[in-house]
Amino acid sequence: MRLGFIMILIAGLGIAGFSGYLVMQEFERLNGQIASLRTEAAKVVPTKSVYVANADINYGHILTREDVKKFDWPTALLPENGYYETEEDLFGTAEDPQEPIVLQAMNQNDLVARVKVTQPGEDAGLVSRVGAGLRAFSISVDVTSGTFLRPGDSVDIFWIGRVENRQSATRLLLEGVQLIAINSDLEATARSTSTQGARTITIAIPPQTVATLVQAQNSGKLVVSLRGLGDTGAVGDLTVTRSDFLGIEEQEEEVIVEEQKCFTTVRRGTEIVRTEIPCSN
C-alpha cells in the first residue's frame with residue numbers, strides 16, 4: 001500500500017515537473033513573441049494624414065479639391081503648423097470658401113505646405129492680377145511722371161516722338177489703364193511715406209497693345225499721367241505737335257503751273273528772233 005502511494009506520488013511529481021517545464025517553455029515563447037512585436041513596433045514611423053499634391057502643380061494655379069489628396073506623412077518630417085489636415089482648413093467652409101493660389105510649384109505627392117499656397121485674403125502676387133487674355137507689361141518712367149503713383153491707380157499713357165514730317169509730337173496712346181505694380185511692389189499703398197517716385201510701372205494689357213507699346217518705346221518716349229479718382233471719361237484721339245504748342249500756322253506751299261508755251265528762234269545776223277508757235281504735243 002505504501003509502495004503504491006509512493007509510486008503515485010513520484011508519478012504526480014513527475015507530471016507536475018513536466019507540466020512546469022512546459023509552462024516555462026510557453027512563457028519563454030510568449031516573451032520572445034512580445035519582444036519581437038516590440039521590435040517591429042519600434043520600426044513603425046508615426047504618421048499623420050495630411051494633404052499632398054495629386055499631380056504636378058505650377059505657380060499661380062488656383063488649387064482645387066481635385067488637385068490634392070490625403071496621405072499618411074511621417075510626423076517627424078512635418079513642419080510645425082505648416083500643413084493642412086482638414087478640407088475646411090485648406091478650402092474654407094461653404095459660408096466662407098477659399099481659393100488658395102499656388103505660390104511655389106509642387107510635384108506629385110509633395111506636401112501642401114502653408115508657405116506654398118496663399119492664406120485667406122493673401123495676394124498671390126503679380127500673376128494673380130493678370131487676367132485671361134492679358135499680358136503684364138512694364139514701362140520705365142521718369143521721376144516727374146512717376147511721382148505718387150500707387151498700384152491700383154488709373155493712368156493715361158502718352159507717346160512723345162517725331163511724326164512723318166520730323167516734327168516733334170505728343171500722342172495719347174492708352175486711357176484709364178490700371179497699374180498692377182510699382183517698382184515690382186504689389187503692396188504699396190497710399191499710406192506709404194516714401195518720397196521716392198515710381199521708376200517702373202506694370203500694367204496688364206492685350207498682346208496687340210503690348211506690340212504697340214514696344215514700337216512706341218523704340219521710336220520715342222512713354223509718359224504716364226495720373227487720372228483722378230472715379231474719372232472714366234474718354235478723351236479720344238489726341239495729338240499735339242510742336243507747331244500746335246507754339247501756335248505756328250503751317251504755310252502750304254503753292255505750286256503754280258503755267259500754261260505750256262512753245263517757241264521757235266531764228267538768228268538773223270546778230271539778232272535773235274523768238275516767235276511763239278503751237279506746241280506739237
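Just so you know, these numbers come straight off a predicted model, no measurement behind them. All residue numbers refer to positions in the sequence shown, counting from 1.
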Q: Could you go through the side-chain contact (heavy atoms from CB on, under 4.5 Å) check for Ile157 and Ile203 one step at a time?
A: CA-CA 11 Å; Ile157 300 179; Ile203 57 179; 3.8 Å; yes
[atom1] of [X] to [atom2] of [Y]: how many Å apart, nearest 0.5 Å?
| X | Y | atom1 | atom2 | answer |
| --- | --- | --- | --- | --- |
| Asp67 | Asp56 | CG | CG | 11.0 Å |
| Tyr83 | Thr75 | OH | OG1 | 7.5 Å |
| Leu111 | Tyr84 | CG | OH | 10.0 Å |
| Ile180 | Thr202 | CD1 | OG1 | 6.0 Å |
| Lys70 | Lys48 | NZ | NZ | 11.0 Å |
| Thr212 | Leu173 | OG1 | CG | 8.0 Å |

Tell me if a side-chain donor or acceptor on [X] pairs with a main-chain N or O of [Y] at a distance below 3.5 Å.
| X | Y | result |
| --- | --- | --- |
| Trp73 | Val50 | no |
| Asp96 | Thr93 | no |
| Asp110 | Asn107 | yes |
| Gln98 | Gln119 | no |
| Arg227 | Val155 | no |
| Thr118 | Ile101 | yes |
| Glu175 | Val235 | yes |

Give the minimum heavy-atom separation between [X] and [Y], together with the two atoms involved.
| X | Y | answer |
| --- | --- | --- |
| Asn54 | Glu66 | ND2-O, 3.3 Å |
| Val117 | Pro100 | CB-CB, 4.1 Å |
| Gly176 | Ser154 | CA-OG, 3.3 Å |
| Pro207 | Gly133 | CD-O, 3.4 Å |
| Gln217 | Ser140 | NE2-N, 4.2 Å |

With a 4.5 Å cut-off on side-chain heavy atoms, are [Y] and [X] touching?
| X | Y | answer |
| --- | --- | --- |
| Leu134 | Pro206 | yes |
| Thr170 | Trp159 | no |
| Ser168 | Arg162 | yes |
| Val102 | Leu63 | yes |

Establish whether [X] and [Y] are linked, either directly or via other cluster members, by ILVMFWY side-chain heavy-atom contacts under 4.5 Å.
| X | Y | result |
| --- | --- | --- |
| Val214 | Val224 | yes |
| Phe158 | Val240 | yes |
| Leu174 | Leu179 | yes |
| Phe91 | Ile57 | yes |
| Val210 | Leu222 | yes |

Q: Might you work through the side-chain contact (heavy atoms from CB on, under 4.5 Å) test for Val68 and Glu87, ending with a clear yes or no?
A: CA-CA 10 Å; Val68 297; Glu87 185 175 290; over 6 Å; no
Q: Kindly confirm or rule out a cation-pi arrangement of Lys69 over Tyr51, judged by NZ or CZ under 6.0 Å from the six-membered ring centre and within 45° of its axis?
A: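 Judged by the rule, Lys69 and Tyr51 form no cation-pi pair.
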Q) Just wondering, are more than 12 heavy atoms of other shown residues or ligands nearer than 6.0 Å to CD in Glu99? A)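 Open.
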